[in-house]
Each structure stands twice: as C-alpha cells, then as structure tokens.
Amino acid sequence: MWADILEQIIFLVTHLRIRDIIDVAIVAFVFYKLFMLIKATRAEQVLKGLAVLLVVTKVSEWLDLYTINYLLRNAMTVGVIAILIVFQPELRRGLEQLGRGKFFDKNFFKLEKKHSFIVIKEIVKAVETLSQNKIGALIVIERKTGLSDIIQTGVKIQAVVSKELLCNIFVPNTPLHDGAVLIREDEIVAAGCFLPLTENPNLSKQLGTRHRAALGISENSDGIAIIVSEETGIISLASDGKLTRYLDSKSLEDILTEVYREKETTNPISTLKWRIKNE
C-alpha cells in the first residue's frame, strides 16, 4: 500500500507543471478570501452547520439510514438557493470590494490639497466641540462606494462643510440631530440619514445605536463614520467593519488626511498605523 502511495506521489511531482501550481494557488487564495469575508459573522456559524449536515448525510449513507439520508439529500437540493439567501450580506460586500478594485477606480476625491485641508480642519473642529459639550453625533464620509440610497433617507442639505453647520445640526432636540450627516468631498449632502445597523453579535452591549449604525455603514461600504458619544464625549471611528475608540483631535485629523489623500486605501486606520510605525 505504501509503495502505491509513494508511486502516486512521485508521479504527481514529476508531472507537476507551473500552471498547476498557479491553478492551486489561485483556488487557495479565493477560499482564503472567502473565509476572511465570513470570519466572525453569523455566516461562519451557518457554514459550520452546513458542514455538520454534510457529514451527517454521509454517515447516514454508510449506516444505511435510508429515511434520514433521503431527507438530508433532498434538503441539499435546495441548499444552493438557501446559501444565496443566507449569505446575501457577505456576497454583496464581496462584490462591492471587487468593484472597488483599481480596474473600476474613479477619481472620487477631486479636491485640491489646500481645499481638502480646510474640510478636514472644519470636521475636526466640529467633532472636538461636540465632544467637549458631550453632544452625540454621527458623521459619514463617502468614499468610492456611492451612498445615494442612504442620502434618500435623510434631508438634503448640499452645503459646504463647516464647523458651525455641523455643530448646529447635532444640537439636541432639533429635527436632524438623531440621524447621520453624510459628507461627499467638501459638501454636507444630507442630514438626519438612517444607516443600517451592524449584525455583529460580538459587539459590546455598552455601545449604543450610533456606534452600531456606524459599524453597519462601514460593513456595507468603504465609507468611514465618526461617532461622538452623547454620554461620555468619546470620539470613535468606524472603518471596514472595525471600530477605533478614544481618538483625540490629532489622531482624527491624521486619519482624515489619510482618507482624503489616499483614495485607494481600503482601511485608512491600518494604513495610518503602518505609516506611523515605519516613520
């Protein structure tokens, strides 16, 4: 038996081609990206459940459990449709990430360096003021993924970004203070917008609706969301489905500078950390 196995291994090695290695490497990379896409999501648990069902189906076939095997095999016939429904958020996010590639790249941030610097300063000053006064706020900055569907849920503003306007929008007990402000380039496009909430089950119970909405929009797009806590005044930022808390004005300004300067960056926080580490 061992001789046969050794002979097969030698045969495979001697007949292995470069294109075979490339083929296997591509398949491995695709499976790795798919795994990373569903990691730490509800889809991961669903996938484990499907794996258990496949094992049980095979075991029932070996043990001649005809009724169980019949039911499981018929259930698998509609499994493809069920997978498409269950994994809809992950599939959508994966296709969006594919669409953000350089092949489809568009020059989204067309602002000049001087102009973008002014916009960043206005956002930072507004967030700093809101934080000092413990006024809750949620600001979303659109990047490559269009957020027109989110804009439709709010009230259109279409005004130049300014500290005074941002602070005024989030004044408590005003019509627009509960929703999110959406910024596109140097313009406040809309306010009072409704965002999708994150479906992450591992999120701390201490985080409120603003933080969950910020994570939700960062999971469904490449936009970033700035959050000011109403209870503590803590500044947080959501990007690529990850939340960074306890930011100060300087770190927030650095991140926003990275966002407006490096439009191809997927996660501005990771890029900023790498740049600081290597400076």
Review point. Honestly curious: do Leu203 and Leu197 fall in one hydrophobic cluster under the side-chain, below-4.5 Å linking rule?
Key: no
Review point. Hey, are the side chains of Val140 and Cys193 touching, using non-hydrogen atoms and a 4.5 Å cut-off?
Key: no
Check your understanding: Are the side chains of Ile255 and Thr244 in touch, meaning some heavy atoms are under 4.5 Å apart?
Key -> no
Revision key, fill the gap. One should read off an interatomic distance between Arg210 CZ and Glu230 CD, to the nearest 0.5 angstrom, of 5.0 Å
Check your understanding: Among Ile169, Ile135, Ile235, which residue meets the side-chain contact (heavy atoms from CB on, under 4.5 Å) test with Leu130?
Key -> Ile135
Point to revise | Residue pair Leu166 / Ile188: nearest heavy atoms and the distance that separates them | key: CD2-CD1, 3.6 Å
Study note, to complete from the structure: Separation between CG (Leu252) and CG (Leu247), nearest 0.5 Å, reads 6.0 Å
Review point. Going from CG on Asp23 to CD1 on Ile18, what distance comes out if it is rounded to the nearest 0.5 angstrom?
Key: 12.5 Å
Review point. Sub-3.5 Å donor-acceptor pair from the side chain of Glu142 to the main-chain atoms of Arg184, do we have one?
Key: no
Practice item. List the atom of Tyr246, the atom of Ser236, and the distance in Å for their closest heavy-atom pair. Key: N-OG, 4.5 Å
Check your understanding: Taking all atoms of both residues into account, what is the closest heavy-atom pair of Ile151 and Ala190, and its distance?
Key -> CG2-CB, 3.9 Å
Check your understanding: Glu253 pairs by side-chain contact (heavy atoms from CB on, under 4.5 Å) with which of Val127, Val124, Ile123?
Key -> Val124
Practice item. Begin from the C-alpha positions of Gln206 and Ser229 and carry the test side chain to side chain contact (heavy atoms under 4.5 Å, CB included) through to its verdict. Key: CA-CA 11 Å; Gln206 296 179 350; Ser229 173; over 6 Å; no
Point to revise | Side chains of Leu138 and Ile226 in contact at under 4.5 Å (non-hydrogen atoms) | key: no
Check your understanding: Are Lys125 and Glu122 close enough for a salt bridge, meaning some N to O gap below 4.0 Å?
Key -> yes
**Study point:** Within one Ile-Leu-Val-Met-Phe-Trp-Tyr cluster: Val160 and Val119, side-chain cutoff 4.5 Å
**Key:** no
Practice item. Take Ile157 and Val181 through the test side chain to side chain contact (heavy atoms under 4.5 Å, CB included) and record every step on the way to the result. Key: CA-CA 9 Å; Ile157 303 293; Val181 162; over 6 Å; no
Exercise for review: Report yes or no: do Val228 and Val171 belong to one cluster of Ile/Leu/Val/Met/Phe/Trp/Tyr joined by side chain heavy-atom distances under 4.5 Å?
Suggested key: no
Review point. Any sub-3.5 Å donor-acceptor pair from Thr198's side-chain atoms to Gly216's backbone N or O?
Key: no
Check your understanding: What are the two closest heavy atoms between Ser218 and Gly241, and how far apart are they?
Key -> OG-N, 3.1 Å
Point to revise | Donor-acceptor contact present, side-chain Ser131 to main-chain Glu128, <3.5 Å | key: no
Practice item. Using a 4.5 Å cut-off on heavy atoms from C-beta on, say whether the side chain of Leu195 contacts that of Asn220. Key: no
Review point. Mind checking whether Pro196 and Ile150 have side chains closer than 4.5 Å, heavy atoms only?
Key: yes
Exercise for review: Before giving the answer on side chain to side chain contact (heavy atoms under 4.5 Å, CB included), spell out for Ile68 and Leu63 the whole-Å C-alpha distance, their side-chain angles and the decisive distance to 0.1 Å.
Suggested key: CA-CA 10 Å; Ile68 295 176; Leu63 298 177; over 6 Å; no
Review point. For the hydrophobic clusters of this structure (ILVMFWY residues joined by side-chain heavy atoms under 4.5 Å, transitively), does one cluster hold both Val155 and Ile183?
Key: yes
Check your understanding: For Lys163 and Thr129, which heavy atoms make the closest approach, and how far apart are they?
Key -> CE-OG1, 3.2 Å
Point to revise | Arg143 side, atom CZ; Glu185 side, atom CD - distance, nearest 0.5 Å | key: 13.0 Å
Check your understanding: So how far is it from Ile141 CD1 to Asp222 CG, rounded to the nearest 0.5 Å?
Key -> 11.5 Å
Exercise for review: In sequence, state the C-alpha distance, the side-chain angles, and the governing distance for Leu147 and Val189, and then conclude on side chain to side chain contact (heavy atoms under 4.5 Å, CB included).
Suggested key: CA-CA 10 Å; Leu147 298 176; Val189 184; over 6 Å; no
**Study point:** Distance-only donor-acceptor check, side chains Ser251 and Asp254, under 3.5 Å
**Key:** no
Point to revise | Cluster overlap Val55 with Leu53, hydrophobic side-chain contacts below 4.5 Å | key: yes
Point to revise | Within-4.5 Å side-chain heavy-atom neighbours: Lys134 and Glu231 | key: no
**Study point:** Short side-chain to backbone donor-acceptor contact, Asn168 and Glu164, under 3.5 Å
**Key:** no
Revision key, fill the gap. Between the NZ atom in Lys121 and the CG atom in Leu256, the distance rounded to the nearest 0.5 Å is 11.0 Å
Point to revise | Distance-minimising heavy-atom pair for Ala214 and Ala225 | key: CB-CB, 3.6 Å
Study note, to complete from the structure: Tracing side-chain contacts under 4.5 Å among Ile, Leu, Val, Met, Phe, Trp and Tyr outward from Phe31 reaches Val27
